Every structure is written in C-alpha cells, then in structure tokens.
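Right, one structure below, let's go through it.
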Amino acid sequence: MSNNKNDDDDDEAAAEHEKVECRRNRRTSIQFIDKNLIRRRSSGNEKQGQPQQQQQQQQQPQRLLSINSSLDVESVDLDHLQQYTTASDSDSDADDDECGVNIRALQHKNQSGFTDFAVRRIRHAQYGRREIEIAEQEMPGLMALRRRAESDKPLQGAKIVGCTHIIAQTAVLIETLIRLGAQVRWCACNIFSTQNEVAAALAEESIPIFAWKGESDDDFWWCIKKAIGTEQSWQPNMILDDGGDLTHYFHKHYSTLFSTMKGIVEESATGVHRLYQMCRTQILTVPAMNISDSVTKAKFDNLYLCRESVIDGIKRCTDILFGGKQVVVCGYGEIGKGCCSALRGIGCFVFVTEIDPICALQACMEGYKVVRLEEVIKQVDIIVTASGSKHTITRDSLDKMKNGAIVCNMGHSNTEIDISFLRHPSLSDLQVERVRTNVDHVIWPNGKRIVLIAEGRIMNLCCSSVPSFVVSITAATQTLALIELYNAPANRYKSDVYLLPKKMDEYVASLHLPAFDAHLTELTDEQCKYLGINKAGPFKPNYYRY
C-alpha cells in the first residue's frame with residue numbers, strides 16, 4: 001500500500017478515534033464497536049461501481065477495531081458483530097438524527113406497513129424487544145395476571161388511551177392489556193423518560209404509540225392529541241393516566257366524549273390532586289380510580305422504587321462520591337422516606353424538611369434532623385425534592401446554595417423547583433450550560449454554578465433505571481383497576497374518585513409472593529371467628545395504616 005494511502009488511513013483513524021472517545025464518554029462499556037469504522041475500512045480498496053456481492057468475494061476476512069477501556073486495540077471477527085451490538089451502539093450511527101429532525105413530519109412505517117405511530121427510530125425495534133423481554137423476567141406478578149386472565153379476556157371491547165412513562169416495564173403492561181382483550185393507544189407523560197428503542201418495539205408490533213425522548217412542549221401535546229385518536233375515528237372509553245395531563249387535555253378538547261367513558265385510572269399524586277379538584281368543581285363526569293393512594297402503589301412503588309433509584313440517578317448524572325455529603329430531602333412522605341433511607345445508607349448526612357407534624361415526628365424517630373430549608377441551604381451539597389408541592393426550591397434558595405451543589409426532583413411534576421429561568425432565559429441573569437444528557441450547569445454572573453438534573457423533572461425515570469419488580473406491582477394494580485371500572489355494573493361507581501378495593505391490593509401482593517418462595521399462614525375457622533374476618537380476606541380494614 002502507498003504512503004499516501006497510509007497517511008489517509010492515519011488521518012481517518014484519528015478522526016474516528018475522536019468520535020469513538022466522544023461516544024465512550026456518553027456510554028460506559030467494556031468494549032465499543034464502531035460500525036462506521038468497519039464499513040469504511042472494509043470497503044476502502046474497492047471500486048464504487050463494483051457489485052456488492054463481488055466485493056465481498058474479493059475481500060479478505062474482515063477485522064474490526066474495538067476500543068477497550070483498559071487494553072490495547074483488539075481484533076474481532078465481523079461475523080460476531082451482531083453478537084456484540086447493542087441499541088446504544090446503533091445510536092452512534094444516528095447522532096445526526098438527534099438534532100434538527102422533526103419527528104412529527106417524518107413518514108413512519110413498520111415492516112408490516114403500519115403507519116399510525118411516531119417514534120424516533122423504528123429500526124431499533126429489535127433492541128427494544130430485548131429490553132421488554134428482560135423486564136418480563138423481573139415482573140412475575142403482572143405476567144401471572146396475564147396468564148390467569150388471558151383466556152377470559154376481561155377487557156374485551158375496552159379502548160384504552162394511556163399517557164405514562166414509555167419504558168420497558170410499561171411495554172409489558174401495554175402488551176398485557178392487549179392480551180386481555182383491550183385496544184390501546186399510548187403517549188408519554190414525560191418528555192425525558194421515554195426509551196426510544198422500547199417505543200420502536202411497540203410500534204413494530206403495530207401498536208399506536210407517539211413518544212420519543214426529548215420532546216418539546218408542542219411535541220408533548222401533539223402526541224397526546226394523536227394518542228386520543230379522534231383523527232382515526234377511534235373513540236376511547238378508558239383512560240390510564242400518570243400526572244393528569246391526558247385527562248386535562250381530554251376534558252378541555254373532547255369533553256363531549258366523556259359521556260361514553262367507563263372510567264379513569266390515575267397513578268400519580270399530582271394527577272389525583274387534579275381529579276379531586278375536578279370533583280369539587282363538579283366537572284368530573286366519570287368515575288376515577290386513585291391508584292396513587294392504594295397500598296400497593298404507595299408502599300412499594302413510592303418507597304422501594306425511590307429507595308433504589310435515587311442513588312442510581314444522581315450517580316449516573318454526576319459521578320459524585322456520596323460518603324460525607326450533606327443532603328436535604330424536602331418532604332418525608334413515602335418517596336421522601338425511600339430517598340432518606342438510601343442516602344443515609346450510603347454515608348450521607350441527611351436533613352429533612354416537612355410541613356406535616358406527623359411525618360416530621362416520623363423523621364425524628366428515624367434519626368433525621370428536621371429543619372427549615374433556610375437553616376441549611378448554604379451548607380448542603382445535594383437537594384432532593386419530594387414534596388409534591390410547587391416551588392419548594394425558589395430562585396432565592398438557588399441563590400444561597402454553594403458552588404457545585406446538586407439539585408434534583410423525585411416528585412412527579414416539574415413544579416417543585418422554580419425553573420422559570422429555563423423557560424424564559426432572556427429574562428434571567430443566569431446562564432444554562434448543557435453538560436451531558438439531562439445535566440445542566442446553572443451559572444451565576446459571579447461564576448458560581450450549581451448542577452440541575454433533568455430540568456427539575458422526575459429524576460429516577462429520566463436519568464436511571466427503575467426496578468422492574470416494583471413496577472410490576474404498580475402495573476398489576478393498574479390492570480385490576482381498569483378491569484374493575486370496565487366491568488362494574490352501571491350504578492356501582494358514580495362520578496367520583498375511588499380507592500382500589502383492599503381485596504384487590506391483597507391479590508396484587510399475593511401474585512408477587514411466589515417470587516420469594518413465601519408461604520402465607522392460613523387462619524383456622526376459630527381464628528376467623530375471633531378476628532371477625534373472612535379466611536380469604538380482606539385481612540385489614542380500609543382505615544388500617546400499613
């Protein structure tokens with residue numbers, strides 16, 4: 001090979017090495033395979049007009065370079081490429097797709113010709129399918145419910161429109177609802193939490209889904225409108241919501257369709273609050289099920305899920321050492337309890353702010369220092385909001401924080417942290433500098449900067465993975481709530497907000513016990529008579545506090 005050819009290869013290799021290093025900083029991996037590098041190097045000696053099959057016959061056995069984090073350059077056979085390729089690798093081919101592409105304007109079509117969806121990259125459906133299969137293995141309760149009820153088709157005729165986080169665990173829920181007889185259309189309740197490859201996998205199964213990571217506000221409402229499906233002459237009769245945005249939009253623009261609605265199932269505290277407001281003002285015209293306050297949601301999803309994901313989310317975004325850090329958790333509800341437990345367990349000094357004397361007393365009994373925010377704002381390293389309120393962290397709070405402090409939100413809504421400087425940058429003296437995905441530096445005129453995670457939106461679903469097992473409990477609860485509302489007699493539920501019957505809560509818990517090889521004790525007839533309960537439950541009254 002000539003010297004000129006060697007020089008060209010060296011320049012090309014240097015350029016490719018820079019791209020690979022950039023991608024390595026974005027994704028932790030033992031081994032990264034650059035498919036662009038493979039294509040260019042494997043075809044460098046071929047003429048452009050030569051047929052591809054002839055080129056392959058003339059080529060020598062191809063090798064590729066992979067960058068190893070601790071070793072020198074290695075060689076891997078091209079035949080094993082698919083064995084090592086992941087969705088994140090494929091994302092590297094589409095770096096240009098992430099910027100400036102109007103997803104709404106694209107012509108979407110899956111392999112079967114289905115077009116009623118909008119996702120970022122349908123070609124990544126196979127990777128999303130693998131994610132869904134992994135989630136299924138760790139969602140035993142929901143899968144057991146699917147197997148038990150599939151033959152009965154309890155949701156036959158149900159037309160469910162959903163607005164939730166589009167993650168692998170949600171995909172298992174969606175496919176369960178379909179297996180139980182429902183028709184579904186879906187969109188995302190959060191602009192940052194969608195897993196693009198999972199959305200692609202659902203679209204490949206010809207499920208109408210409208211979601212991609214990094215939607216604008218206009219995209220968000222467009223996706224909700226498309227999911228409702230009136231343009232396709234599709235009229236939903238059930239709503240599964242997370243946050244209340246779908247219900248709000250539906251009531252504002254399609255209020256006449258509420259007359260045929262069977263019910264609403266709401267998962268989040270924010271959405272439930274909005275439902276109670278609608279009920280008080282008498283504009284709620286259909287029954288709604290409050291999942292947020294069901295035992296299986298509040299005691300497992302809110303507590304255990306947040307306990308395991310708060311550390312993961314902050315660590316992924318900032319790479320900090322937690323030991324010795326001072327942290328204030330705003331709110332000591334179930335989410336706050338989970339966050340405090342995890343942060344103290346990893347070595348942080350934890351403060352708690354609370355408005356409720358009962359929750360504050362609980363925090364004190366657990367050994368946390370209950371303070372007012374202004375007492376510790378200047379010294380803490382991390383602030384985690386979990387209050388469910390509005391402007392828990394104000395601009396004044398941000399001004400008092402020390403340089404390098406981290407601010408994040410574990411509550412549902414993005415209202416807990418005042419981020420008006422993001423919405424109206426021209427009216428603020430603060431600069432916002434993107435550091436990495438879901439991480440921004442907020443910079444003051446004097447040079448002070450703090451780290452803002454996910455623009456104040458829910459951190460664990462935007463920046464980290466969530467435990468599938470816990471999501472299985474919530475998803476099974478949602479499924480039973482949909483079945484209950486859809487099959488209930490006409491006069492059982494009025495236009496009000498209801499809690500899930502305790503018997504269903506207990507049934508959801510029983511579906512998950514076999515995963516732990518747990519064996520319940522059975523009451524004798526004498527014990528049942530003494531306690532005044534049925535042998536099959538429910539075992540606790542509705543007012544019981546678990």
Side-chain angles (χ1 to χ4, degrees), residues 302-356 359-389 391-419 435 438-442 448-466:
N302 292 356
L303 176 61
Y304 297 114
L305 185 145
C306 293
R307 189 178 71 180
E308 295 209 6
S309 60
V310 62
I311 301 298
D312 185 36
I314 298 175
K315 180 74 78 174
R316 287 179 188 233
C317 290
T318 62
D319 305 318
I320 68 165
L321 172 72
F322 282 95
K325 291 291 192 298
Q326 296 189 57
V327 184
V328 58
V329 176
C330 301
Y332 198 69
E334 297 301 330
I335 293 175
K337 288 179 175 70
C339 293
C340 288
S341 174
L343 290 164
R344 181 169 65 179
I346 205 169
C348 294
F349 295 98
V350 181
F351 301 98
V352 171
T353 68
E354 242 314 328
I355 62 169
D356 187 331
C359 292
L361 183 58
Q362 285 181 312
C364 292
M365 296 290 284
E366 290 292 334
Y368 300 109
K369 180 68 175 178
V370 178
V371 298
R372 292 183 176 178
L373 186 61
E374 57 267 25
E375 296 173 8
V376 296
I377 188 67
K378 294 181 180 180
Q379 69 190 61
V380 294
D381 303 288
I382 304 171
I383 292 181
V384 180
T385 57
S387 66
S389 184
H391 292 177
T392 302
I393 303 299
T394 63
R395 170 62 193 272
D396 182 61
S397 304
L398 297 175
D399 287 339
K400 294 177 180 178
M401 295 183 68
K402 68 181 182 181
N403 183 56
I406 298 168
V407 183
C408 59
N409 172 39
M410 287 292 287
H412 173 84
S413 182
N414 63 338
T415 61
E416 298 201 32
I417 303 171
D418 181 8
I419 53 170
V435 180
N438 292 323
V439 182
D440 293 300
H441 270 153
V442 182
K448 186 192 89 168
R449 59 182 62 194
I450 64 170
V451 178
L452 177 65
I453 299 178
E455 297 183 7
R457 298 176 185 269
I458 182 170
M459 179 187 63
N460 58 350
L461 284 159
C462 294
C463 309
S464 71
S465 58
V466 294

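Computed from a prediction, not measured in an experiment: that's the story for all the values here.
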Main-chain N/O of [Y] paired to [X] side chain as donor or acceptor, under 3.5 Å:
{"X": "N460", "Y": "V310", "answer": "no"}
{"X": "E354", "Y": "V370", "answer": "no"}
{"X": "E416", "Y": "G388", "answer": "yes"}
{"X": "K448", "Y": "M401", "answer": "yes"}
{"X": "N403", "Y": "R449", "answer": "yes"}
{"X": "N438", "Y": "C462", "answer": "yes"}

With a 4.5 Å cut-off on side-chain heavy atoms, are [Y] and [X] touching?
{"X": "E366", "Y": "Y332", "value": "yes"}
{"X": "I311", "Y": "L343", "value": "yes"}
{"X": "V327", "Y": "F322", "value": "no"}
{"X": "H441", "Y": "V451", "value": "yes"}
{"X": "M459", "Y": "N409", "value": "no"}

Take atom [atom1] in [X]; do more than 12 heavy atoms of anything else shown fall under 6.0 Å from it?
{"X": "K369", "atom1": "NZ", "result": "no"}
{"X": "F349", "atom1": "CZ", "result": "no"}
{"X": "I320", "atom1": "CD1", "result": "yes"}

Item checked: Side-chain donor-acceptor pair present, T385, T392, cut-off under 3.5 Å ->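 The criterion, which ignores hydrogens and geometry beyond distance, is not satisfied for T392 and T385.
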Checklist line | No-hydrogen, no-angle side-chain donor-acceptor test under 3.5 Å, T394 and D418 | finding: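 Checked: T394/D418 side chains show no N/O donor-acceptor pair below 3.5 Å.
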Would you give the length of the straight line joining atom [atom1] of [X] to atom [atom2] of [Y], rounded to the nearest 0.5 angstrom?
{"X": "K337", "Y": "Y368", "atom1": "NZ", "atom2": "OH", "value": "10.0 Å"}
{"X": "I417", "Y": "E455", "atom1": "CD1", "atom2": "CD", "value": "11.0 Å"}
{"X": "L452", "Y": "I393", "atom1": "CG", "atom2": "CD1", "value": "11.0 Å"}
{"X": "C330", "Y": "M410", "atom1": "SG", "atom2": "CE", "value": "13.0 Å"}
{"X": "I406", "Y": "K325", "atom1": "CD1", "atom2": "NZ", "value": "7.5 Å"}
{"X": "S309", "Y": "I458", "atom1": "OG", "atom2": "CD1", "value": "8.0 Å"}

Next item on the list: Report the C-alpha distance between K402 and V380 in whole Å, list the side-chain angles of each, state the deciding distance to 0.1 Å, and finish with yes or no for side chain to side chain contact (heavy atoms under 4.5 Å, CB included).
Entry: CA-CA 8 Å; K402 68 181 182 181; V380 294; over 6 Å; no
Checklist line | Exercise: identify the closest heavy-atom pair between L398 and I450 | finding: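 Scanning both residues, the minimum pair turns out to be CD2-CD1, 3.6 Å.
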Next item on the list: Taking all heavy atoms of C317 and all of I453, pick out the closest pair and write down the distance.
Entry: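 Result for this residue pair: SG-CG2, 3.8 Å.
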Next item on the list: Applying side-chain contact (heavy atoms from CB on, under 4.5 Å) between V352 and each of C364, C339, C340, report the one that passes.
Entry: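 Of all the options given, the one that passes is C340.
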